[in-house]
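The sequence lines fix the lettering, A, B, ..., with proteins before strands; numbering per chain opens at 1. On a predicted model such as this, the values are computed, not experimentally measured, just so you know.
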Amino acid sequence: MKYNFNDIEAKWQKYWAENQTFKAENNSNKPKYYVLDMFPYPSGAGLHVGHPLGYIASDIYARYKRHQGFNVLHPQGYDSFGLPAEQYAIQTGQHPAITTKDNIATYRRQLDQIGFSFDWSREVRTSDPNYYKWTQWIFIQLFNSWYNNDSDKAEDISTLETIFSSGGNDKVNAVCDENIQPFSAEDWKSFSSEKQQQILLQYRLTYLAETEVNWCPALGTVLANDEIINGVSERGGHPVIRKKMTQWSMRISAYAERLLQGLDKIDWTDSLKESQRNWIGKSVGASVTFNVLPITNNQQPTTISVFTTRPDTIFGVSFMTLAPEHELVQQITTPEQKAAVDAYILATAKRSERDRMADVKTISGAFTGAYAEHPFTKEPIPVWIGDYVLAGYGTGAVMSVPCGDERDYAFANHFNIPIINIFEGVDISESAFSDKDKTVIGNSDFLNGLNYKKATKRAIYELEQIGQGEGKTNYRLRDAVFSRQRYWGEPFPVYYVKGMPQMIDASHLPIKLPEVEKYLPTETGEPPLGNATVWAWDTNKNEVVSNDLIDNETIHPLELNTMPGWAGSSWYFNRYMDAHNENEFASKEALDYWQDVDLYIGGSEHATGHLLYSRFWQKFLFDKGVVPKDEYAKKLINQGMILGTSAFCYGFGPGLSYEKPTDVVEAAKAGIKNKKYVIPKESYDKGLKGELDNITRKIIDEIIAEYKSKGFNVKYVGDEFSGTFTPFRVSLNHLKGTSDFLDIESLKQDSLFSFIKDAIFITDENGNYTTYRDVEKMSKSKYNVVNPDDIVEDYGADSLRLYEMFLGPLEQYKPWNTAGITGVHSFLKKLWKLYADDNGLKVTDATPTKDALKTLHKTIKKVQEDIENFSFNTSVSTFMIAANELTAQKCTSKEILEPLLVLISPYAPHIAEQLFASIQFGKIIDVDDLPQNYEGISKASFPEFDASHLVESSKNYPISFNGKMRFTMELPLDMSKDAIEKAVLANEKTQEQLAGRTPKKVIVVPGKIVNIVG
RNA sequence: GCUCAAGUGGCGGAAUUGGUAGACGCGCUGGAUUCAAAAUCCAGUUUCUUCGGAAGUGUGGGUUCGAUUCCCACCUUGAGUACCA
């Protein structure tokens, strides 16, 4: 019987689904293991071969853990809210829910045919009301919480109210808005309930505030910092501007330190942790307050507070710089400087964020005319403004120490501000000295002679003594904007009474997305939900009612924004534990049993988005006692991207290139229909170098001849040809099989490539045009997308799985090339032949040979090590070696061949199941004929490695001379060092190598190597 | 600029504690089988070579009996981040 993969795979996939083979139980005597994939956004384009890479890896691990006796949770779902479905709705009017449902169906079909061992009974979809009910619920919990720095955790807002009414806000150590007004317990009690609500909002973990947001006009929505790359939107590359808007925000800054500390206890890659550390951006230093010297006697005293990481350089301060947007600028600027300052502010305001980022070398600024007083020397310090100081970081003001900071140095030089040197024995005439550890402080009163560490400590102490500063830690991490002006997202469970947000009671959730006529913003600029006509909250009936009924007494308007994409993905891993629970977000029993994710696999592009926000929510839920762990994923692996290999042709002719020589251009303008040519890569390369090869020369001669025949007087005028050939991509569908040869006829018939329809292809002597292949990201527009459906049809799911793993290390970026898949495919055919031939099953009860046992056990050892190290590529090689060896040994022994299948089963589950079942029944069995009680290979135990089969009695020693291996010698392993040395020296090849020299030294490492020096 | 990865045949890659560099596969070359093709099987395939050998893991140096592996400097590529005080 032949290896009929299409038949086998379809039947086993059906069998697994029907028998719920991979369903995980929420209680079990077995140890638990949770393997999680980052769930996909179901896009309309479906899967390409790059997408399943991580899923295959996690599936191998999940199957391996089942063989090891674990109760494995391996779920899958869909991150199904998002922009593309909404944009499709805007274009076509089709409801995003329908688009999403269709896309999910496609994804499911594609995933199913790869043979994943997902427990689909736990599927989640973030856009399902039964799911987002709990996303809304978490939002309410965040609203009802504040962060207590004393207990270092989130607490219920009621505890804050209690503190307020007993002692005001004086003693509260909370993470909250800036500029909170102090009040006493009496004040609090006297406040109106609205005023109280306003104050509480400044403390809540999710809060409504007018903040400066990143507004993307093209997308009509705000974006979070992680959704902006180089000043433009991640999606679409549209410009982003700063704008003040009232938005929901998440007080993630409350968790900055815990998010940073938590990284130390999780096994994530260093680069990913590093990204998160950078994003959190902790810097330790001091805040220092400078008194501004009054210009006139009746001026209000003001202060400028700054954050610095170098309080030790306080005596080096020779000026201060404020961000142009700093609120004090107008107040302190002197009348003489007002014109200059205003002009500068105007000039900076005109520059976009992007310009400012791109141009960091130009030094600009203006003097305010004001002076601050040095806290210790009491000397006056000029106050400048400059756009190198960012309003959004620290306090938006810096104390400038030109001798210790490059930017301050450049600024001081540019504006001729004095530079004070406070470093002992350091020359600062050329540049600033920012290496804090290599000198001691001088010229600094009480800091003289101290090193960086001691001086910092002392400076902070002295500042505290005079009440003008304290030690402070600053974080770059900003609170995350949580409102989006979109339709296809979770609605907020929020209505407004007199402009104050009110939470809908959790018992009335979910608040379902309303129907709208149009998915665009309203004419008055409200978000799409502003189009909904039934979008008001009736506080008596506790239901969503028509907007007409709004009376602002019992019926109130609902929130028009929706939640961002990361809302639903920040907790989904917990929902899988108890996916259908209607009363809780997951039951306590399920959460206690599964605890956390043991292995999480997904892309590194989520490093500062999803992976940070989800850690934040997990910590919050942990504080609330809802989840048992404050980090949800013990280990995380980033799979690398699979790149496509695009195929290029090189065109020459109108519409494909410029027309040179000049005379030919003129002729073309005169209305001659020119010829197009597709030339080989070598001709193109030569053209780039300005040389002409025979082919190009021939083409030009042909063109000239044609013009001449039409009566034009043309001639070729030069050899300059660079840039006249145009490379263009062709679709992989137009290549012959998996080769690089172009199927010219099919290309010409494709309407996508109509521009090349009439071209003449310059082929080789066999009539082939060879395309040039280059590695790029897979994308539809590059025509290099490979669909897994095609691979599965041609080679089978097992081949696809093996090949994706065989390509290279999991974490690495690597190119896909379908041609290579024949290697793993013929391995599977060879494997099949080991078990079956034309007469049926070959497996016997024969006693295995020593060699076969050795092959098996070294394979067990290697494969087990590889899986545990996530080195899946090398285990595929190991399987190939094992199959090659066993074939050579003509092994038919069940004792060898049965355990081998268990080893292979995580990688190639279909063929392993088929052969395993066949061995059980002594013939190639059809899945349909299996008895009811049959337990498949997934219940089989992973084979035990037995080292005794690998014991050797001799070793083929490499004999090296000065470290270079020259020949080998077979010697017994129990031979003593001396005996080995004697035997090697006695060998005639040794004497040959030495050529008469006497060895200075002989290194013998028993069991490893012999090295002769001399 | 800073941070983090990574540089090995024509290609993807292997060598897990320093110990026979190039496993395994693709591609290529030759052969067998076939009327022919596909498929399959066998042999070869780092480079140079006077066929004895010699050189060789981005470059230059170092440590070591011995370095793809450890250390220093540099070059290149990729990713992230950026007037962060």
P atom, rA14(B) versus rG7(B): distance in rounded Å? 9 Å

Run the side-chain hydrogen bond (donor to acceptor under 3.5 Å, both in side chains) test against Asp743(A) and tell me which residues pass, sequence neighbours left out. none

Pick base, sugar-phosphate or nothing for Lys282(A), based on heavy-atom distances below 4.0 Å to the nucleic acid. nothing

In terms of the angle between their ring planes, are Tyr803(A) and Trp816(A) parallel, tilted or perpendicular, with boundaries placed at 30° and 60°? perpendicular

For Asp740(A), side chain to side chain contact (heavy atoms under 4.5 Å, CB included) partners two or more places apart: Thr770(A), Thr771(A), Arg773(A)

Rounded to whole Å, how long is the line connecting atom CG of Leu810(A) with atom P of rU16(B)? 19 Å

Partners of Arg615(A) by side-chain hydrogen bond (donor to acceptor under 3.5 Å, both in side chains), sequence neighbours excluded? Gln276(A), Glu631(A)

Roughly how many Å is it from CD1 in Ile642(A) to C1' in rG13(B), rounded to a whole number? 14 Å

Donor-acceptor pairs are to be reported for all side-chain atoms of residues 1002-1010 of chain A against protein atoms at under 3.5 Å, with residues two or more places apart or in another chain.
none

Per the O4'-C1'-N9-C4 / O4'-C1'-N1-C2 angle with a 90° window around 0, rG25(B) comes out anti

Find the distance Phe307(A):CZ to rA85(B):C1' and express it as a whole number of Å. 8 Å

With sequence neighbours excluded, what pairs up with Asp774(A) under the side chain to side chain contact (heavy atoms under 4.5 Å, CB included) test? Phe648(A), Tyr772(A)

Give the rounded distance in Å between these two atoms: CG of Asp794(A) and C1' of rA39(B). 15 Å

Would you kindly give the CD-to-P distance between Glu865(A) and rA15(B), to the nearest whole Å? 11 Å

Using the side-chain heavy atoms of Thr308(A), tell me which of these nucleotides is nearest: rG13(B), rA85(B), rU16(B). rA85(B)

Between rA55(B) and Arg966(A), is there an OP1 or OP2 to side-chain N/O distance shorter than 4.0 Å? yes

Checking Ile860(A), Ile867(A), Asp866(A) against Val863(A) for side chain to side chain contact (heavy atoms under 4.5 Å, CB included), the one that qualifies is Ile867(A)

Output all residues satisfying side-chain hydrogen bond (donor to acceptor under 3.5 Å, both in side chains) with Lys830(A), sequence neighbours left out; order by chain, then residue number. Asn884(A)

Please check the phosphate of rA5(B) (OP1 and OP2 only) for any side-chain N or O of Thr269(A) closer than 4.0 Å. no

Base of rC2(B) paired with side chain of Asn278(A) (donor-acceptor, under 3.5 Å): no

Which residues share a side-chain hydrogen bond (donor to acceptor under 3.5 Å, both in side chains) with Lys842(A), sequence neighbours left out: none

On a whole-Å scale, what distance lies between the P atoms belonging to rU46(B) and rC24(B)? 12 Å

With sugar-phosphate meaning primed atoms plus P, OP1 and OP2, does Asn869(A) contact a base, only sugar-phosphate, or nothing at under 4.0 Å between heavy atoms? base

Would you please confirm or rule out a distance under 4.0 Å between OP1 or OP2 of rA6(B) and any side-chain N or O of Gln812(A)? no

Using the C1' atom on both, measure rC35(B) against rC48(B) and round to a whole Å. 44 Å

Which pairs, protein N/O on one side and nucleotides 44-50 of chain B N/O on the other, fall under 3.5 Å?
none

Report yes if a side-chain nitrogen or oxygen of Tyr393(A) is closer than 4.0 Å to either non-bridging phosphate oxygen (OP1 or OP2) of rA85(B); otherwise report no. yes

Using a 4.0 Å heavy-atom cut-off, write out nucleotides 17-31 of chain B from 5' to 3' as B (base contacted by protein), S (sugar-phosphate only) or - (no contact). --BBS-BBSS-----

Pairs counted only when both distances fall under 3.5 Å, Watson-Crick or G-U: show me the 5' to 3' dot-bracket for RNA chain B, [ ] for pseudoknotted crossings and | for other-strand partners. (((((((..(((......[....)))((((((.......))))))(((....)))..(((((..]....))))))))))))....

Could you label the plane-to-plane angle of the Phe827(A) and Phe879(A) rings as parallel, tilted or perpendicular, counting under 30° as parallel and over 60° as perpendicular? parallel

Glu470(A): side chain to side chain contact (heavy atoms under 4.5 Å, CB included) partners, not counting sequence neighbours: Ser287(A), Glu464(A)

Rounded distance in Å - CG (Asn638(A)) to P (rA6(B)): 14 Å

Rounded to the Å, how far apart are His825(A) NE2 and rA39(B) P? 11 Å

According to ring pair (Phe, Tyr, Trp, His ring centres under 6.0 Å), who are the partners of Phe307(A), at least two apart in sequence or on a separate chain? none

Please determine if a side-chain N or O atom of Lys814(A) lies less than 4.0 Å away from the OP1 or OP2 oxygen of rG13(B). no

Atom pair distance, as rounded to whole Å: CG in Asp387(A) and P in rC83(B): 11 Å

